[in-house]
Amino acid sequence: MIRLRGVRKSYTTGKVVNEVLRGVDVDIGEGEFVAIVGRSGSGKTTLLNILGALDSEYEGSVEVDGRQLDSLDDVGISDYRNRNIGFIFQSFYLMEHMSCLENVALPAVFARGSESMTREAALARGREVMEQVELADKCDALPNTLSGGQKQRVAIARALFNRPRLMICDEPTGNLDASTAHAILDLFRALNEDQGITLIIVTHDDMISKACKRVVRIHDGKVVEGAGEFATRERPELDPTEDGGDDTPAPTEAAAPSQEAQP
Amino acid sequence: MRLTRLLGIAVDDLKQNRKHFLLASIGIVVGIAAFTFFLALGGGVRKVVLGEIFPLDKIEVIPRSFDIDVSVLRVPLATEIIDEAKVEALEAIPNVEAVYPKMKLTIPSMVYGGQKLFGNNLRAELIADGVEPVLVSEDVDGEYPFEDFEAGVEGFNGWQSLPSATMCDTDEQCTETHGETYYCWGVDELATWERQVKRAKQRKKEPPPKPVDNPRCRQYIPIIVSNHIVELYNGSVRRAHGFPKINPDSAVGFKFDLTFGASMVEASAKDRTLSAKGMLVGFSDTAINLGMTMPVGYIRRLNVEFGDEKTAGIYHSAVLQIRSKDDVAGVAAAVKDMQLDVTDTGAEEAALLITIFMMVFGFVSIVIVGIAAVNIMHVFFMLVYERQQEIGIMRALGASRRDIRRIILSEAAVVGALAGSVGVAVAIGAGRLFDWVSERYIPEFPYKPHTYFEFHPALLFAAFGFAIAFCVVGAFFPATRAARTDPARVLTGQ
Ligand SMILES: Nc1ncnc2c1ncn2[C@@H]1O[C@H](COP(=O)(O)OP(=O)(O)OP(=O)(O)O)[C@@H](O)[C@H]1O
Ligand SMILES: [Mg+2]
């Protein structure tokens with residue numbers, strides 16, 4: 001489904017050039033449940049953003065179903081995201097002034113062509129996905145009245161709204177406690193198994209990465225494990241230094257949780 | 001519709017940030033209100049000044065070497081005169097709709113009367129003009145006709161040979177036999193004559209000739225006056241003297257005595273005088289500004305009576321009615337080619353002054369709106385910065401750069417539309433208030449209008465459009481920055 005070849009990415013801050021990805025080759029197949037792991041600052045998020053077509057500034061090739069992503073213009077790529085990808089972030093990013101239902105139906109606003117629907121249809125579909133994440137009773141609530149786990153479920157409902165083929169999750173449980181994280185993981189599993197949605201999850205959480213059918217590990221800007229073609233399920237031996245370690249030269253980058261979405 | 005949905009997002013955001021926008025749009029409201037107010041004021045004043053005080057579609061033409069003395073005694077001094085031939089030539093100028101030749105009364109005269117209007121009889125020097133009756137027929141269509149009733153008779157006193165000049169003793173007799181426009185001429189004149197004869201006998205002098213054998217019925221000389229006089233009188237003169245206000249309609253039919261050849265200034269008085277009565281029959285802008293206007297025949301007979309035959313065919317000026325005010329310049333040039341001059345009415349200066357006024361205030365208002373737009377820009381920059389994660393998530397959910405730009409620009413347009421409507425409403429409200437205050441508290445003055453404003457729909461639309469345009473322009477750079485928001489960066493907390 002997604003095929004990355006020789007993907008390179010570097011950030012330039014002032015005169016300092018930070019090479020984050022130094023030639024990544026990776027294949028993600030339809031219906032896979034993949035974890036991306038690696039030390040903090042190793043470039044997991046960077047890779048994920050490229051996989052999710054959120055970042056188009058890279059060298060190398062990204063192919064989706066045999067089609068080069070960079071052949072699409074801004075509208076094309078926005079439409080691709082709208083139809084095919086659901087995003088889940090560590091800090092949820094819900095619109096504070098909208099009800100949960102309106103948040104969930106937000107993708108309908110940006111839908112183009114065949115995806116367009118009336119407001120009524122959008123709200124109906126919104127209720128449907130809210131039921132799917134077992135929050136049917138919270139439709140009219142404002143996001144800041146919910147718990148962290150509930151917020152993340154609303155975000156998942158929003159990601160599910162347009163029936164995506166791929167879900168991109170950046171530390172989805174990073175802000176949640178263990179039992180809530182478990183519930184979210186169960187939800188992911190169900191989505192993958194019942195609906196065949198491809199899931200790519202960046203995580204520091206062993207519980208999640210162990211549950212995944214495949215683990216892609218990056219180190220030093222390269223995929224060092226799990227890059228293979230439809231790799232058979234491997235049980236990675238986890239590096240004990242992983243969670244505490246840091247690949248980046250900048251000391252400020254130490255495993256800091258990202259900031260809250262809305263003040 | 002996709003656009004409607006984007007607008008929905010925009011309106012939502014506006015509600016969210018209404019306090020910011022309320023503050024930022026005050027400048028737009030003030031600027032647009034000022035813009036609308038001053039331009040409407042300029043338009044309204046222009047309407048009064050150019051429509052009523054100095055109509056721009058009329059120019060008055062005078063001989064070039066005329067003695068431009070304000071005195072009554074303006075006599076052509078050189079060869080250039082306005083005669084019938086010149087009048088025809090003037091009529092032939094393109095875009096001239098009509099030519100109204102005017103003849104001035106060249107002898108000092110006096111008017112006496114006014115009991116009915118002013119409460120007192122007044123005596124004043126008379127300045128009189130003569131015009132062809134047909135030229136004011138449109139203005140004078142009341143109950144009394146404006147025409148030369150004594151046309152075709154010999155001399156100013158030749159009327160006595162008219163068939164209607166029956167013998168009488170009182171005015172009532174004439175009114176009954178001939179109509180309301182008749183009076184009995186000669187009763188006073190004979191009484192005066194008898195006194196003069198008596199005095200002459202005492203001084204052993206030659207008695208003056210008898211003015212008339214017997215009083216006879218005569219028609220009042222129909223008189224029209226300019227609307228300006230009524231305005232001036234009602235607006236200021238009457239205040240100074242404590243006279244009552246004149247209602248133009250009820251003033252029609254008002255009668256007074258006219259004495260030609262007499263003057264308050266002894267030196268200019270003639271050795272004999274002629275008398276008649278006049279009746280006010282109407283108002284016209286074609287009438288002389290300060291004075292009375294009568295059918296040209298009367299003036300011509302008087303001028304011949306006191307001067308010589310030659311002056312009878314010479315006009316002192318001519319008013320040209322021009323098709324549209326845009327043609328004035330062309331006509332004026334043609335007039336100058338004919339060795340004639342155009343009198344300075346002040347219209348051009350007034351128009352220029354008003355235009356300058358409108359430009360200055362319009363400019364100031366636009367500057368206010370411009371500053372407000374900069375303010376709007378700041379607010380949008382701030383909000384775009386504050387909302388960058390919202391923008392990022394919208395991008396992740398499928399909003400294109402263009403969508404983001406549209407959302408921001410529609411927010412600006414909505415702010416502009418609201419501020420513009422409020423601004424226009426404030427201007428109209430302020431105008432109404434101004435008019436009301438003027439109506440109630442500002443004393444009458446000449447040409448005091450009912451409204452000082454002309455809120456032309458085009459002006460209101462323009463103001464409204466400006467508000468939107470300035471807000472959209474102000475939001476342009478913030479919208480561009482918002483559109484460039486990199487979702488990968490803002491959403492991953494880097
Ligand atoms: N927008 C950016 N500008 C400059 N440098 C960046 C930017 N985004 C990421 N980086 C740098 O790229 C490197 C990789 O960052 P990335 O967010 O991909 O790491 P990560 O593996 O997701 O780390 P973490 O586990 O802490 O989330 C880091 O050194 C980071 O400082
Ligand atoms: Mg990360």
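Here is the naming used below: chain letters follow the sequence lines, and residue numbers restart at 1 for every chain.
Side chains of B:R405 and B:T480: a donor-acceptor N/O pair is present below 3.5 angstrom, by distance only.
Here the side chain of B:K448 pairs a donor or acceptor atom with the backbone of B:I442 at under 3.5 angstrom. The main-chain N or O of A:L47 is never found under 3.5 Å from a side-chain atom of A:K9 such that the two would form a donor-acceptor pair.
Within the 4.5 Å cutoff, the side chain of B:N375 has no heavy atoms near those of the B:I28 side chain.
With a 4.5 Å cut-off on non-hydrogen atoms, A:N82 touches chain B through its backbone and its side chain both. Neither the backbone nor the side chain of A:R83 comes within less than 4.5 Å of any heavy atom of chain B. In this structure, chain A has heavy atoms under 4.5 Å from both the backbone and the side chain of B:R395. With a 4.5 angstrom heavy-atom cutoff, B:I404 does not touch chain A via any of its atoms.
Heavy-atom pairs under 4.5 Å with chain B were tallied for A:R158, A:M98, A:R119; the largest tally goes to A:R158. Taking A:D74, A:V109, A:V75 one by one and counting their heavy-atom pairs under 4.5 Å with chain B, the maximum is reached by A:D74. Of all the listed residues (A:S56, A:A108, A:A159), the one sharing the greatest number of non-hydrogen pairs under 4.5 Å with chain B is A:A108.
Side-chain rings of B:F380 and B:F21 approach one another, their centers coming within less than 6.0 Å. Ring-centre distance between B:F361 and B:F357: below the 6.0 Å cut-off.
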